Protein chains: 2
Amino acid sequence: MKNNIQQLRKAMHLSQEDLAAKTDVSRQTINSIETGKFDPSLPLVFKLLKTLDVSLEELFIFEE
Amino acid sequence: MKNNIQQLRKAMHLSQEDLAAKTDVSRQTINSIETGKFDPSLPLVFKLLKTLDVSLEELFIFEE
DNA sequence: TTATAATGTAAAGTAAACTTTACATGTCAA
DNA sequence: TTGACATGTAAAGTTTACTTTACATTATAA
């Protein structure tokens, strides 16, 4: 699973800490997702979509 | 987080076991998600969307 | 130069997703 | 009535998501 979180976050001029606050997780969680350590949970996915104002397909690239 | 998995699954005439096989999880996992015990992981969400041929918003209703 | 912000990472712990095995129940066809 | 199928649930275990605390690095502003 790849994602465009970092790119979209920067386009909105948000720090990892800013995005973490807006999505109710820790900065390390955002960092770990951006750097591919794990995938977000479904509730966090919904918060990320809303905050970054994109669709699921725009945010994630699913690879078997 | 509510979901319409059961309704959509039945509309496609699939058993929980069928859907489990198509999405590479156990029958109990499908059952637990349908009965609201937990939410699917992101990779499983993608498989469910593809198998049930719906969008994220059609399959899940996010509630804070 | 010093301080501050942003990022990456690590370790140890908790919580949630998912597994296998197992059992109980209802429905329906033979 | 018997047997097969579909569903719900439970227990115990593993894996993944997420937490807090902490430290290191880089860039930039005062």
Side-chain angles (χ1 to χ4, degrees):
Chain A
M1 187 80 63
K2 289 184 181 172
N3 72 72
N4 300 316
I5 296 178
Q6 182 162 357
Q7 172 191 346
L8 292 159
R9 173 178 62 77
K10 286 182 176 173
M12 296 191 72
H13 301 99
L14 298 174
S15 67
Q16 291 183 346
E17 182 125 37
D18 292 335
L19 182 55
K22 283 177 178 289
T23 56
D24 305 310
V25 290
S26 67
R27 175 181 71 84
Q28 286 77 355
T29 291
I30 297 297
N31 184 279
S32 292
I33 294 167
E34 284 191 358
T35 58
K37 296 200 177 53
F38 51 73
D39 297 322
S41 66
L42 186 54
L44 179 49
V45 166
F46 270 94
K47 291 176 182 178
L48 289 168
L49 295 183
K50 185 173 183 184
T51 302
L52 298 173
D53 194 32
V54 288
S55 69
L56 183 70
E57 291 73 19
E58 285 170 317
L59 196 51
F60 299 99
I61 298 152
F62 178 56
E63 302 162 307
E64 283 299 314
Chain B
M1 185 81 61
K2 290 185 178 169
N3 72 71
N4 300 316
I5 296 176
Q6 182 162 357
Q7 172 191 345
L8 291 159
R9 173 178 61 78
K10 287 181 174 172
M12 296 192 71
H13 301 98
L14 297 175
S15 67
Q16 291 183 347
E17 183 126 36
D18 292 335
L19 183 55
K22 285 178 178 287
T23 56
D24 305 311
V25 291
S26 68
R27 176 182 70 84
Q28 287 76 356
T29 291
I30 297 297
N31 185 279
S32 293
I33 294 167
E34 284 191 357
T35 57
K37 295 199 177 53
F38 51 74
D39 297 320
S41 67
L42 186 54
L44 178 50
V45 165
F46 270 94
K47 291 176 182 178
L48 290 167
L49 294 183
K50 186 174 182 183
T51 302
L52 299 173
D53 194 31
V54 289
S55 70
L56 183 70
E57 290 73 20
E58 285 171 317
L59 196 51
F60 299 98
I61 297 151
F62 178 56
E63 302 162 309
E64 283 299 316

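This structure is a prediction, so every number in the text was calculated from the model and none was measured. Each chain gets a letter, A, B and so on, in the order its sequence line appears, and its residues count up from 1.
One can place NE2 of A:His13 at 12 Å from P of C:dT7, the figure rounded to the nearest angstrom. Put simply, CG on B:Asn31 is 17 Å from P on C:dT25, counting in whole angstrom units. If you measure from atom CG of A:Asp39 to atom P of C:dA17, you get 14 Å, rounded to the nearest angstrom. With rounding to whole Å, A:Leu44 atom CG is found 18 Å from C:dA15 atom P. If you take CD1 of A:Ile33 and P of C:dG8, they are 13 Å apart, rounded to a whole angstrom.
For the segment residues 14-30 of chain B, the set of residues with a heavy atom within less than 4.0 Å of an atom of DNA chain C comprises B:Asp24, B:Val25, B:Ser26, B:Arg27, B:Gln28, B:Thr29, in numerical order.
Atom CD of A:Gln16 and atom OG1 of A:Thr29 lie 11.0 Å apart (nearest 0.5 Å). The distance from the CD atom of B:Gln7 to the CG atom of B:Leu52 is 10.5 Å, given to the nearest 0.5 Å. A distance of 11.5 Å separates CD of B:Glu17 from CG of B:Asn31, quoted to the nearest 0.5 Å.
First and last contacts of DNA chain D with chain B, using any nucleotide atom under 4.0 Å from a protein heavy atom and ordered 5' to 3', fall at D:dT7 to D:dA10.
Under the 4.5 Å side-chain criterion, counting only non-hydrogen atoms from C-beta, B:Asp39 is in contact with A:Pro43. Looking only at side-chain heavy atoms (C-beta outward), B:Arg9 and B:Gln6 come within less than 4.5 Å of each other. For the pair A:Leu56/B:Leu49, a side-chain contact is recorded, criterion being any heavy-atom separation below 4.5 Å from C-beta on.
Between B:Phe62 and A:Phe46, the ring planes are parallel. Angles under 30° get that label, and only those over 60° would be called perpendicular.
Within a 6.0 Å sphere centred on NZ of B:Lys37, other residues, nucleotides and ligands contribute more than 12 heavy atoms.
For the helix from C:dT1-D:dA30 to C:dA30-D:dT1, the terminal axes (five pairs an end, C1' atoms, rotation from four pairs onto the next four) enclose an angle of 30°, given to 10 degrees.
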